[in-house]
Asker: 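Starting off with a structure, shown below.
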2 protein chains.
Amino acid sequence: MRRDIFQAIADPTRRAIIALIAMQAMTPNAIAEHFDTSRQSISKHLRILSECEIINSNQEGREIYYHLDIDKMKEIDKWLEQFRKIWEDRYNELDKVLENLKKNKNEPNI
Amino acid sequence: MRRDIFQAIADPTRRAIIALIAMQAMTPNAIAEHFDTSRQSISKHLRILSECEIINSNQEGREIYYHLDIDKMKEIDKWLEQFRKIWEDRYNELDKVLENLKKNKNEPNI
DNA sequence: AATTTGCGAAACCGATTAGTTGCACATATA
DNA sequence: TATATGTGCAACTAATCGGTTTCGCAAATT
């Protein structure tokens with residue numbers, strides 16, 4: 001069973017859950033209230049997120065609070081790093097072009 | 001058919017394709033040589049990536065060159081933004097704690 | 001003109017997915 | 001103690017996924 005963070009965030013409901021509990025821990029029931037699906041299906045999503053170690057839980061009585069492990073989100077950021085380098089280079093390149101255009105306003109290149 | 005950028009990068013082969021063509025456009029055959037799968041399956045991945053508008057293609061004779069639309073990658077970055085804010089806050093918080101520890105080295109709290 | 005090459009599309013297949021329903025079990029409340 | 005509440009898990013289902021095989025077509029090569 002392939003189960004990494006990219007597969008975890010592929011589902012829109014899971015992305016919404018992640019965003020929802022980012023600021024404060026929540027119980028499955030409380031989370032499910034925000035969605036148009038059953039508590040059990042939310043429970044399944046929570047299990048997947050747990051297996052990916054994106055979320056953690058701590059039990060309080062009969063309630064279980066799930067909270068985001070924000071550090072795991074950095075893994076996506078890390079993968080994105082290689083592309084960020086490219087688009088920043090592009091931006092600088094464009095910057096240079098614009099600067100040259102400004103400088104040589106009256107000396108068009110060919 | 002749900003088909004967004006998050007679903008596109010969920011598959012490891014597609015992530016590898018994205019990384020592969022990030023620097024230079026490539027043909028399906030050239031891409032397939034890097035993987036342990038058929039040209040046709042690569043073609044299917046390319047179609048999905050095209051539908052998500054992550055990649056573009058331009059035909060040269062009978063060859064088709066696929067290249068990355070780096071700007072689409074920014075959409076992932078944009079979604080991450082909300083979490084980046086959180087983990088940077090955490091970091092600053094930790095920084096403050098460490099600074100206080102240093103300052104009050106000989107004055108333990110409590 | 002005949003053949004080779006590069007490619008996409010369709011049909012098919014087993015595995016996986018996201019959801020449902022029905023249950024079991026522990027904790028809280030009456 | 002009996003009931004209500006919060007939860008996870010298993011079985012099932014329709015849809016989707018990633019892959020293969022086969023095909024057709026256009027461009028290059030002979």
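Throughout, protein chains are lettered first and strands after them, A, B, ... in sequence-line order, and every chain is numbered starting at 1.
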Asker: To the nearest angstrom, how far is B:Ile42 atom CD1 from C:dG6 atom P?
Answerer: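 So the two atoms are 16 Å apart, to the nearest Å.
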Asker: Round to a whole Å and report the spacing from CD1 of B:Ile48 to C1' of D:dC17.
Answerer: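 Between C1' of D:dC17 and CD1 of B:Ile48: 8 Å.
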Asker: How many whole angstroms separate atom CZ of A:Phe6 from atom C1' of C:dT17?
Answerer: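 In whole Å, C:dT17 C1' and A:Phe6 CZ are 20 Å from each other.
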Asker: May I ask you to evaluate whether A:Asn29 reaches the phosphate of D:dT5, defined as a side-chain N or O under 4.0 Å from OP1 or OP2?
Answerer: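 No, no such contact exists.
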Asker: Quick one: does B:Ile18's side chain get under 4.5 Å of B:Lys72's, heavy atoms only?
Answerer: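 B:Ile18 vs B:Lys72: side chains apart.
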Asker: From CG of A:Asp11 over to P of C:dT16, roughly how many Å is that when rounded to an integer?
Answerer: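 Atom-to-atom, A:Asp11 to C:dT16, this comes out as 18 Å.
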Asker: Are there any protein N/O atoms within less than 3.5 Å of an N/O atom in nucleotides 8-14 of chain D, and if so, which ones and at what distance?
Answerer:
unit_1 : atom_1 : unit_2  : atom_2 : d
D:dG8  : OP1    : A:Tyr66 : OH     : 2.1
D:dG8  : OP2    : A:Ser43 : OG     : 2.6
D:dG8  : N7     : A:Arg39 : NH1    : 2.9
D:dG8  : O6     : A:Arg39 : NH2    : 3.1

Asker: Provide, to the nearest angstrom, the distance between the CZ atom belonging to A:Arg62 and the C1' atom belonging to C:dT27.
Answerer: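 After rounding, the reported distance stands at 6 Å.
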Asker: Please report the distance, rounded to the nearest Å, between CD in B:Gln7 and C1' in C:dT16.
Answerer: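 In whole Å, C:dT16 C1' lies 13 Å from B:Gln7 CD.
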Asker: Without decimals, in angstroms, what is the distance between B:Ile31 CD1 and C:dG8 C1'?
Answerer: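 Between C1' of C:dG8 and CD1 of B:Ile31: 14 Å.
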Asker: Rounded to the nearest Å, what distance is computed from the CG atom of residue A:Leu49 to the C1' atom of nucleotide C:dT17?
Answerer: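 These atoms are roughly 14 Å apart.
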Asker: Check residues 27-39 of chain B and write down every donor-acceptor pair under 3.5 Å in which the side-chain atom is one partner and the other belongs to a residue at least two apart or another chain.
Answerer:
unit_1  : atom_1 : unit_2  : atom_2 : d
B:Thr27 : OG1    : B:Ala30 : N      : 3.2
B:His34 : ND1    : B:Ala30 : O      : 3.1
B:Thr37 : OG1    : B:Ser41 : OG     : 2.7
B:Ser38 : OG     : B:Ser41 : N      : 3.1

Asker: Identify, between A:His45 and A:Glu60, the residue whose nearest nucleotide on DNA chain C lies closer to the 5' end.
Answerer: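 The residue mapped nearer the 5' terminus is A:His45.
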Asker: Which nucleotide in the set C:dC7, D:dG18, D:dG6 lies at the smallest distance from any side-chain heavy atom of B:Glu63?
Answerer: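 Nucleotide nearest to B:Glu63's side chain: C:dC7.
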Asker: Could you tell me whether the side chain of A:His67 reaches within less than 4.5 Å of the side chain of A:Ile21, counting heavy atoms only?
Answerer: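 The answer is no, as the side chains (C-beta and beyond) never meet within the 4.5 Å cut-off.
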Asker: Count the heavy atoms belonging to other residues, nucleotides or ligands that lie under 6.0 Å from CD of B:Glu53, then report whether that count exceeds 12.
Answerer: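 Not more than 12 within 6.0 Å, no.
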Asker: Please examine the side chains of B:Phe83 and A:Leu68, heavy atoms only from C-beta on, and report whether any two atoms are closer than 4.5 Å.
Answerer: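 Of all side-chain heavy-atom pairs linking B:Phe83 with A:Leu68, at least one is under 4.5 Å.
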Asker: Of all the choices, C:dT17, C:dA18, D:dG19, which nucleotide is nearest to the side chain of A:Arg3 once you look at every atom?
Answerer: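 Closest of the options to the side chain of A:Arg3: C:dT17.
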